[in-house]
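Following: one structure in C-alpha cells, then a few remarks.
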Amino acid sequence: MKMKKLSLFLALSILLSFAFSMPIYADEKDKYDKVYEEVRETGYNHGNIAGYLDKNKELTSDYNRDMPKDSEIEGMYKEYKDDKFVMSNIVANYKAGYIRGYLEGYTSGNISQNTDKKQEKNEKTNYGQSFGLLLGQVYGQRDFFEGKKNNWSKAKPTDKVIINMFNLDLETTEYRNSFLKDFKENFQKSYEECYREANLEPQKISYDEGLKDGEVFGEMFGKINGRKDYSEGKISNWNRNFPSGTEIRREFVLNRDSEKYVDGFLTGFKKAYEKAYNEGFRGGNVDLNKLKSETAYEDGKEVGTKVGEQVAQNDYFLKQKNDISRHFKLNSELIYEYDLYLDNERYRDGFISGYRDGFEEAYIKTYQKLNKEEALILAETVVVPTSGEEVESQDKKLKMAIPSGTYFNDVLVKLYNDGKNENGKSNKNLIVASEVYNIKILNSIKEFNKDKKIELSFEYYGPDTGGIYKFVNGEWLYMPSTIEENRIKTYIVPNFIKEECSIYAVFIDKTYVKCHDIRGHWAKDEIDTYTRRKYISGYKDKKFRPDSYMTKGQFLMVLNKVYKWNLPEEAIKAKTYKDYSEYKNYEKVVEYSLNKGYISGNKENVLNLNSTMTYREVEDIMKKVTESKSFKWSNTSNKMLYQKGIRSKSFTNYDNKITRGEAIYMLYLLNEWKN
C-alpha cells in the first residue's frame, strides 16, 4: 500500500513538472505570478491542515484522501470569473499551483513529522530531504523488483529533471543548490536501505519462520522418542532415532519451500529434538513414580475443589448456611461414585485424601467469597450530581439514568440485589425474568423536579409479554415498559423511589391478553398498564374499544380495582332497586358505592348503571372517591391536551360523554404518583 501511494506521488510530481512548463506571455507574467502564488499558498494551507489531521488520527499517509476536485478548486476563485486570462489558466496552470502547494503543505503537516517527531513547530520543513527519502524508497524497491543492480547513482534523476520536477528554477540559487544537495544525500540513503530491505528481509523472515516451525516439531518428536526409549529399557541416546535431513524434508514436504525456510526448519528441529529427547527420557522414571502416589492426591484434590465450589454456590444461592458437614460422604460412597475400586489401594487412599482437602478448602473459600462480594455490593453508594448521571448495578444488568436537573442537590444512589427478596416469585401468573433489585435514593432536601422522569432499564431477551414491575403494598405492579435492543425500560417519577428502598424486577405475564385496537391510540400506555395490572380487561373479541363511552357500571368496577374497596358481604340496598338484575354480577360493588354515596337512584327507583357517563357525572363521583372538593375534570383534560395533544369534548360541553380511554387515563394520572 505504501509503495502504491509513493508511486502515485511520483506520477503527480511528473504531471506537475509538465504543467509548469506551459508557455506564458511576458505581458501576462505579472498577473500569472500573482495568482499562481495565491493559489499555491491556499493549497499549502489546505494541505498542511489535512496532513496534520491525518497524522493526529493515525491514518496512513494519503494526500489524495481530502484533496479538492477540479470543480472545487475552480470554485475557490469566483472573484476572477470575469477575468478570461485567469479562468482559462485555472485548470492548466493554477490548479497545478494549488496541487503543488497542497502537496507541500500535506508533507509538512504529515510526512515531515514522521522524519522527526521532536521537530519544533516553527522549524522550516526540509523539502529536499523529504522528497529525496520518498523517491529513493520508490526507486530502490522498483529496481530490486525489476531485477536491476543496486546502483543509486544510476537511478537518481539528473539535476535538470529534479529542477523541472519541483520548479526549482523559480527559487533562489542558494535554495536550489541546498535542495539538490539534500535530495541526493537522502535519495542515496533511502534507495540503498529500501533495495536491501526488499532483497534480504523476506529471506530473514523465511529463515526465522522455518526455525520456529522446526522447533515445534523437533520438540514433539524428541519427547516421544525419549519416552519410547525409556519404556523399552534402552540407554539414553538422542541420536539413535534422529531422522536424516532427507527424511525430515520428505516427512514435512519441505521440498516445496524456499531453501532459507528449510535451513531454518532443520536447525530448529535438531536443536529442539535433542533437548526434548533428554527431558522425555529422564522424566519417564519420575513421572512413573508420581503416578503411583502424588498423582492420586492431586487428582482427588482437583475433583474435590470443583465439587466444593459448585456445592458452595448452590448453598449460597438457595440461602443455606455455611455448613460443610451437610455434604460429608463416606469413603465407600466416594469409591463407588468415582470408580476407585478399579485402581490400586495406594491410589485410592491418595485420591480420597486429596478430595476431602480440596472439597473443604474450595467450599469455605467460595462461600465466603460470595458473601463478601454481596456485602461490597450492599455497601456501594454512588453520588449523582445535579447534572445527572447513569448508574448501573454491580452485575451490569440494571441501569438507572437520572437526567440533569432532576434533583436540586447531589443525591446518594444505591442499586443492589441482596438475593433475599423473594416477593412475588410465588405468583403463578408471573414468570421471573430478572433478579429482584433494591433501589435507594437519599435526597437531603427532599425536593425534586416533578416534571423530570428517571429511566430504569433491565437487560432482557424475552417475549413482548414481559414488563418491569414494582413491589407495592404486597403485590407487583406493572410499569409501562418498552422493549428494544435487548433491554426493557420504563420511566418513573422521582417520587416513586423511596429512601427506605423501592423494589423492581422483570416478569413475564403468562395470562396477559393484548387488546389489539389500542395500538396507536393516544391512551395506549395507560390502558395497557391497567390491563396488565388486572384492573380492566378487553371484550371477548380482544378489543377494548377505547373511544366507546364509559358506562356507570364499568366505571364503578374499575374504581373498585384501582382503590381496592373493602366490599360488604351482602348487597342490601342494591336489591331494593328495580334494575337490580342487570348488575347482579357486581352487586357488592354497587352496594359499596351506594353506602359511600358515590351513586344514587332516580325517582323511579332505578340506578341506570348501563347508561353512559358525562364528564360532569365523573367529576361528581371522583370528588367523593378522592374526598377532595377541589377535584376537577378540567385538570385531566388540560394534561390530555398538553401531554397527548388530544382535545377532550369536555372543552365544548361538560355534559358530553366520557370515553373509556379518557376515564382510564384520568385514573392513571390520579394514582400513579402513589406507587
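Note that the numbering runs from 1 along the sequence shown for the chain. Keep in mind it's a predicted model, so treat the numbers as computed, not measured.
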| request: Report the residues that fulfil side-chain contact (heavy atoms from CB on, under 4.5 Å) with K160, sequence neighbours left out, ordered by chain and then residue number. | output: T158, N164
Please list, one pair per line, the donor and acceptor atoms closer than 3.5 Å that link side chains of residues 382-389 to other protein atoms, with sequence neighbours excluded.
none

| For D464, all residues meeting salt bridge (Lys or Arg N to Asp or Glu O under 4.0 Å), sequence neighbours excluded | K514
| message | The criterion is side-chain contact (heavy atoms from CB on, under 4.5 Å); which residues satisfy it with P157, sequence neighbours excluded? | response | Y139, V161, I162, F183, F187
| task | Output all residues satisfying salt bridge (Lys or Arg N to Asp or Glu O under 4.0 Å) with D229, sequence neighbours left out; order by chain, then residue number. | result | R240
| query | Counting distance only, does the side-chain N/O of S393 pair as donor-acceptor with the main-chain N or O of L398 below 3.5 Å? | reply | yes
| field | By side-chain contact (heavy atoms from CB on, under 4.5 Å) - contacts of T246 (at least two apart) | value | S244, R250
| said: Can a donor-acceptor pair be found, under 3.5 Å and without considering hydrogens, that links the side chain of K223 to the backbone of E279? | reply: no
| message | Going by the rule side-chain hydrogen bond (donor to acceptor under 3.5 Å, both in side chains), which residues pair with Y437 if we only count those two or more places apart in sequence or in a different chain? | response | D395
| said: Taking salt bridge (Lys or Arg N to Asp or Glu O under 4.0 Å) as the definition, give me every residue that meets it alongside R249, ordered by chain and number, with sequence neighbours left out. | reply: E259
| request: List in chain and number order the residues that pass salt bridge (Lys or Arg N to Asp or Glu O under 4.0 Å) with E484, two or more places apart in sequence or in another chain; answer none if no residue qualifies. | output: K489
| field | Matching residue for Y273 among F242, F221, F217 - test: ring-ring contact (aromatic ring centres under 6.0 Å, His included) | value | F242
| If you look only at pairs with a residue in residues 301-310, which of them pass as a side-chain hydrogen bond (donor to acceptor under 3.5 Å, both in side chains), with sequence neighbours excluded? | Q310-N314
| task | Apply side chain to side chain contact (heavy atoms under 4.5 Å, CB included) to K270 and W238, showing your working. | result | CA-CA 10 Å; K270 180 178 180 180; W238 73 268; 3.9 Å; yes
| said: Check whether S190 reaches the backbone of N186 with its side chain - one donor and one acceptor, N or O, closer than 3.5 Å. | reply: no
| note | So salt bridge (charged side-chain N to carboxylate O under 4.0 Å, His left out) across residues 179-189, not counting sequence neighbours, yields D159-K184, K181-E185
| Listed partners of E459 passing side-chain contact (heavy atoms from CB on, under 4.5 Å), at least two apart | K397, Y461, R487
